[in-house]
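The structure under discussion appears below in the form of structure tokens.
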2 protein chains.
Amino acid sequence: MARTKDPAVRARLLDRAAHMLRTRQPVTLRALVAGTGVSTMAVYTYFGSMDGLWSAVRQEGFSRLAAKLDEVPSSADPADPADPADPVRDLTALGAAYVVNALENPDLYRVMFDAGFALEDAGAADETLHRLVRAVERAKEAGRFRADVDPAELALQSWAIGHGLASLVVTGPLPRQALDHAVPMLTAQFVGAGDAPDRCRRSVERGWEAVPTAASAVGG
Amino acid sequence: MARTKDPAVRARLLDRAAHMLRTRQPVTLRALVAGTGVSTMAVYTYFGSMDGLWSAVRQEGFSRLAAKLDEVPSSADPADPADPADPVRDLTALGAAYVVNALENPDLYRVMFDAGFALEDAGAADETLHRLVRAVERAKEAGRFRADVDPAELALQSWAIGHGLASLVVTGPLPRQALDHAVPMLTAQFVGAGDAPDRCRRSVERGWEAVPTAASAVGG
DNA sequence: CCACAATACATAGCAGCGCTATGTATTGTG
DNA sequence: CACAATACATAGCGCTGCTATGTATTGTGG
């Protein structure tokens, strides 16, 4: 028995915030609403505060990452019989997609891991991690890793490698080319988990190349 | 033929900024100078702007990290003959010290890797990395790694592992215990560089324990 | 030794920030 | 259809980083 919120306004504010982040404009309350026709109060109606807005932006970052990871083709159900399932390649491809996403949305990526702002949905990061866990489980089922390998642990370690490199590149200390270190690093990690060295290297290299611009955009 | 700057004022402002960061008080211009007896202008005399102050704080963070790494005992000149040189252990100890430093100064660590603020001395991060490079070189000379291993590359990869874990812990997504993943991760990395698996595991475990509170503080 | 000039530093005020108290317009519901 | 609950606009508060202006200090050439 009252006026209802318009989801389009919320989405427009969120999109504009992401756009301002991408175009490196300072995301201030007044600048944010200036282009939308609504007043500053709208931000408080939909997000409660600027911190609430940032929480929503973080959430948006994880959503886009999840969408990016979903684009990665899995070889679990190979369309081409000549292209057999290779879960280690899939696992690497997920890592490559993760890194590419960070490179394509550096400002959003920084906000995602900016401490001090709680996430709207605390399980968003866990959900991202779980995609890696499932890939590790498939690799175990395929006999690529030792039986005593804990999928959650190996997934977390792969995440740490991807995030470490992505973070150092996105925040400045390392050049883009440094992302290529993911290939030998993931290979060492997977060999340590029991995969055969030569076969592992081939899988990782193919997984890295499977993500568009993972191998090439690094040169730009 | 003019009044000279007092280095003590600069140091006091810098210390106070680090202290406010540690005690989680918002570091604003007015709050910063409030406790020092000087006016807001002093910040502009010594740092030019608040961004200049942040640059100096970043520098301070790298200085403290460098001091922390210098405290790590090297087995290059073993005091105890019963404790022979073990450069792989030394390399791990540097990684442990890096991670412990991040854990002990989380706010300073975040500022260090906060993009948008240039460093006063851009070579500060390189200098930190170079300590790792030298440790890798010693390990190569001791025959622990393959001859084709590039010390700079392996050092960078070790850094990425340490930073990845430290960053995910410091910014929230992972609990402190996750830092222990550094042990299997570094082991896999060093084995991939040619070290013998069993020997490597022992060296890494001893290196990890060599840094006070690296193995224990994780439990807190 | 001293007058000068260059510099450090204090004071006060500006524009912009996030936020909120207040008033108005809108809209679902009994 | 009248009411009440809610979205939203407007204006202003206290804060921010910053700077224009004035004053006090100090190293230096004569």
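Naming convention: chains lettered A, B, ... in sequence-line order (proteins, then strands); numbering from 1 in each chain.
Which of dA9(D), dT26(C), dT11(C) sits closest to the side chain of Arg3(A) comes down to dT26(C). The Thr28(B) side chain lies nearest to dT16(D) when the options are dT16(D), dA8(C), dC19(C). Checking dG17(D), dC19(C), dT7(C) against every side-chain atom of Met50(B), the shortest atom distance belongs to dG17(D). Nearest nucleotide to the Arg30(A) side chain, out of dA10(C), dG12(D), dT26(D): dG12(D). Side-chain atoms of Tyr44(B) lie closest to dC18(D) of the nucleotides dA8(C), dC18(D), dA9(D). Comparing atom distances between the Ala2(A) side chain and each of dA12(C), dA9(D), dT6(D) picks out dT6(D) as nearest. With distances taken from any side-chain atom of Leu29(B) to the nucleotides dC9(C), dA9(D), dC18(D), the minimum falls on dC18(D).
In this pair, Trp159(B) and Phe113(B) present their aromatic rings tilted. The plane angle is within the 30 to 60° band.
Gly37(B) comes within 4.0 angstrom of sugar-phosphate atoms only, judged by non-hydrogen atoms across all strands, and of no base. Backbone-only contact: Val27(B) has heavy atoms under 4.0 Å from sugar-phosphate atoms and none from a base. Using a 4.0 Å heavy-atom distance criterion, Thr40(A) is classed as a base contact.
As the counterpart of dT28(D), dA3(C) is assigned, both hydrogen-bonding distances of the Watson-Crick or G-U wobble pattern falling under 3.5 Å.
In this structure, Leu13(B) atom CG and dA8(C) atom P are separated by 14 Å, rounded to whole Å.
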